[in-house]
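See structure below.
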2 protein chains.
Amino acid sequence: MADVARRAGVSAMTVSRALKDKSAVTPETRDRIFQAVQDLGYVLDMSAGALSSKKTGFVSVLIPSLNNSNFSDTVQGISEILDTEGMQVLIGTTNYSRVREEQVIATMLQRRPEGIIVTGGTHTARARSMLETAGIPVIETWDLPVAPIGHVVGFSNAATIEDLMARLMFWGYRRVAFIEGEPGDDTRGHDRRTGYERAVRALGLERSCVISVGRPPVTVEHGAQAVVRLIETWPEVEAVICVSDLSALGAIMECHRRGWDVPGRLAVAGFGDFQVARHCWPSITTVSVGSLAIGQETGTLMLQAIAAMRAGTPLPPRRITIPHTVIERDSTARQPHPAETAPAP
Amino acid sequence: MADVARRAGVSAMTVSRALKDKSAVTPETRDRIFQAVQDLGYVLDMSAGALSSKKTGFVSVLIPSLNNSNFSDTVQGISEILDTEGMQVLIGTTNYSRVREEQVIATMLQRRPEGIIVTGGTHTARARSMLETAGIPVIETWDLPVAPIGHVVGFSNAATIEDLMARLMFWGYRRVAFIEGEPGDDTRGHDRRTGYERAVRALGLERSCVISVGRPPVTVEHGAQAVVRLIETWPEVEAVICVSDLSALGAIMECHRRGWDVPGRLAVAGFGDFQVARHCWPSITTVSVGSLAIGQETGTLMLQAIAAMRAGTPLPPRRITIPHTVIERDSTARQPHPAETAPAP
DNA sequence: CTGTTAGCGCTTTCAG
DNA sequence: CTGAAAGCGCTAACAG
């Protein structure tokens with residue numbers, strides 16, 4: 001920067017200003033500086049700027065896995081918003097493990113992010129305490145924790161499945177099962193199962209049936225395996241909710257393979273409104289949770305929180321609930337009863 | 001850090017050493033330091049360290065979109081490897097736009113990454129020159145550029161489709177079409193189309209037919225729309241190659257919807273070996289390019305290149321070709337001819 | 001094995 | 001609008 005300053009015949013400070021504020025410098029000076037930057041191929045060093053200004057321009061985002069379009073949509077939403085203020089996202093993946101999350105948080109904090117966004121509301125004790133004492137805005141997403149660390153942008157995973165169950169009931173299904181991954185650190189999956197079980201009781205259904213196959217992330221293949229186990233376990237089952245659209249797709253494809261009609265023999269619903277759910281055949285009934293919207297809301301809130309922090313007046317904890325929607329598609333369409341198609345008396 | 005040093009009764013330098021080398025400090029001193037770190041809740045500031053040591057510990061990775069499991073697999077592979085040396089990945093998405101790529105590169109370079117990994121071998125002139133003069137290792141992936149900037153870890157997109165075409169021919173298909181997105185910045189998609197057209201000529205097929213629908217990224221829905229257009233345009237078509245598995249899935253699902261048997265009426269093949277391709281029904285014939293392996297190879301090479309750079313002896317440009325494999329699945333299975341099922345004479 | 005001295009490249013702060 | 005001085009928090013380099 002000193003070189004640029006010399007070449008433009010100004011001080012380094014003026015160069016610094018020209019490169020950021022644009023306003024605070026005479027147009028001619030500015031032009032001379034930009035010319036010098038061009039000539040020298042100078043590239044600003046933000047890491048030095050960060051040290052000096054104590055503003056790194058980073059926000060850390062922790063997600064279970066990049067390879068889940070719901071989470072990458074959320075990251076996408078966050079990035080879009082943060083980009084508008086020139087802030088960058090530092091992504092970390094926890095691989096659905098809380099221990100791993102703790103490690104990633106520890107590493108991230110060494111980079112001095114100006115805010116940190118985590119997925120879910122369940123963390124190790126040490127992770128939680130690191131977040132609490134980090135002195136930066138914290139947002140938990142994809143959940144509505146009872147005792148949040150800071151801000152929250154999410155929804156109740158249990159409630160989404162309760163709603164879905166209510167709709168299945170409304171459509172006439174009574175024997176409904178649930179397909180999930182093996183229990184572990186995937187609390188969101190677990191919450192959805194809880195929603196299922198609560199709904200079974202609340203709706204007075206005769207029995208519940210949960211099939212757990214595969215360690216999270218639950219894949220298409222797990223869904224295929226699970227549906228076979230389900231039919232063996234409970235031949236009378238009429239419908240099944242899968243913990244995600246991917247496993248729902250697997251279940252449906254396995255049904256095709258075995259000649260079981262969907263939804264005739266078995267209705268199938270998923271969660272997450274993945275792209276394939278809308279376009280596969282039959283299209284999959286699911287719960288949309290607005291993954292992108294979660295990201296955008298989170299980004300917007302983070303920007304406010306950071307601005308408040310910089311101004312020395314931390315934002316009081318906010319709690320934003322993202323609406324979810326049950327989307328009815330072909331995979332649960334009730335075949336018309338003979339009576340229904342008969343002419344009215 | 002000064003506080004920690006004081007509390008442990010040592011100098012800041014010793015604290016710094018204890019926190020990194022671990023070896024270069026007496027065990028007791030080390031323990032005292034860690035105790036002080038614990039007591040004070042001290043967290044190392046890597047951004048200061050980076051400025052001082054000129055080692056940021058960052059590698060930038062640019063991909064078209066997070067929301068494509070092929071690219072996120074590659075990022076995953078890169079991260080895994082870089083993690084082993086404590087390096088972090090800074091992800092940037094270009095949204096399949098070269099202009100956007102240029103901007104992202106400019107921003108990334110201000111963070112002083114120790115290496116940069118880009119997707120594809122086609123860039124704007126300014127992007128290319130920024131990469132060339134950045135003074136850090138550059139790796140281009142997912143392609144085999146004729147005039148690479150630095151290192152290359154990739155494969156020929158055209159060759160993958162040529163191979164797939166040869167196999168379709170071998171299986172007895174003669175009237176083969178190609179479904180792609182509208183031409184634009186997606187050079188990998190364009191290269192695949194080129195491979196298709198070269199194969200049509202090389203194999204002496206009577207005609208080619210390319211259906212272009214939708215701006216990249218090509219989605220499931222685009223595939224569905226395209227297949228309808230295809231059947232209208234060329235009713236005699238026997239098989240179609242889709243630019244990605246996602247559009248292949250869309251095409252197949254649309255065929256189901258319209259009662260066109262796959263592969264009986266139309267055989268469908270894709271590209272990328274996405275998870276759904278393996279598990280949907282019918283399973284999709286595709287080309288696997290080892291997305292994760294590309295990432296791992298890239299990560300390994302980047303680590304070597306950075307080590308060499310730090311040692312002052314830049315690694316001569318390497319060119320690593322990742323093998324691809326045509327995977328035959330149900331979506332192109334030839335129905336047995338009557339003659340073939342007849343008893344041998 | 002440990003300490004001292006400088007200084008990384010920028011921005012804050014305060015004067016002009 | 002511009003400049004000078006000081007220092008962000010750490011580590012390289014050298015000395016003990």
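Residue numbering restarts at 1 for every chain, and letters A, B, ... go by the order of the sequence lines. From a predicted model like this one, the values you see are computed outputs, not experimental measurements.
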Sugar-phosphate, base or nothing in reach of B/T29, heavy atoms under 4.0 Å:
sugar-phosphate
Mind checking A/T14 for me? I need base, sugar-phosphate or nothing, with any heavy atom below 4.0 Å counting as a touch.
sugar-phosphate
Tell me, please, whether A/F34 has A/R30 positioned over its six-membered ring: NZ or CZ under 6.0 Å from the ring centre and within 45 degrees of its axis?
yes
With a cut-off of under 6.0 Å to the ring centre and 45° to the axis, is B/R111 in cation-pi contact with A/F58?
yes
Overall bend of the helix from C/dC1-D/dG16 to C/dG16-D/dC1 (five pairs an end, 10° steps) is 20°
Closest approach to the side chain of [X], judged atom by atom: which nucleotide of [options] is it?
X: A/S53; options: D/dT11, D/dT2, C/dT11; result: C/dT11
X: A/D45; options: C/dC8, D/dG3, C/dC10; result: C/dC10
X: B/K55; options: D/dA12, C/dG3, D/dG3; result: D/dA12
X: B/K54; options: C/dG3, D/dG7, C/dC8; result: C/dC8
X: B/M1; options: D/dG9, D/dT11, D/dG7; result: D/dT11
X: B/V25; options: C/dG9, C/dT4, C/dT2; result: C/dT2

Would you say the side chains of A/S11 and A/T14 form a donor-acceptor pair under 3.5 Å?
yes
Below 4.0 Å: OP1/OP2 of [N] and any side-chain N or O of [X]:
X: B/S47; N: D/dC10; value: no
X: B/S52; N: C/dC8; value: no
X: B/S16; N: D/dT11; value: yes

So which atom in B/T93 and which in B/R100 form the shortest heavy-atom distance, rounded to 0.1 Å?
O-NE, 3.7 Å
A/Q88 and B/T107 have their tightest heavy-atom pair at OE1-CG2, 4.0 Å
Nearest-Å distance, [atom1] ([X]) to [atom2] ([N])?
X: B/L19; N: D/dC10; atom1: CG; atom2: P; answer: 9 Å
X: B/I33; N: D/dC10; atom1: CD1; atom2: P; answer: 13 Å
X: B/L51; N: C/dG7; atom1: CG; atom2: P; answer: 14 Å
X: A/Q110; N: D/dG9; atom1: CD; atom2: P; answer: 15 Å
X: A/R17; N: D/dA4; atom1: CZ; atom2: P; answer: 11 Å
X: B/M46; N: D/dT11; atom1: CE; atom2: P; answer: 9 Å

Any Lys/Arg nitrogen of A/D143 or A/R188 sitting under 4.0 Å from an Asp/Glu carboxylate oxygen of the other?
no
Is A/E132 paired with A/R128 through a side-chain N to carboxylate O contact shorter than 4.0 Å?
yes
Which sits closer to the 5' end of DNA chain C, B/R112 or B/M13, going by the nucleotide each is nearest to?
B/M13
Only one of A/V104, A/T133, A/I136 passes side-chain contact (heavy atoms from CB on, under 4.5 Å) with A/L109; say which it is.
A/I136
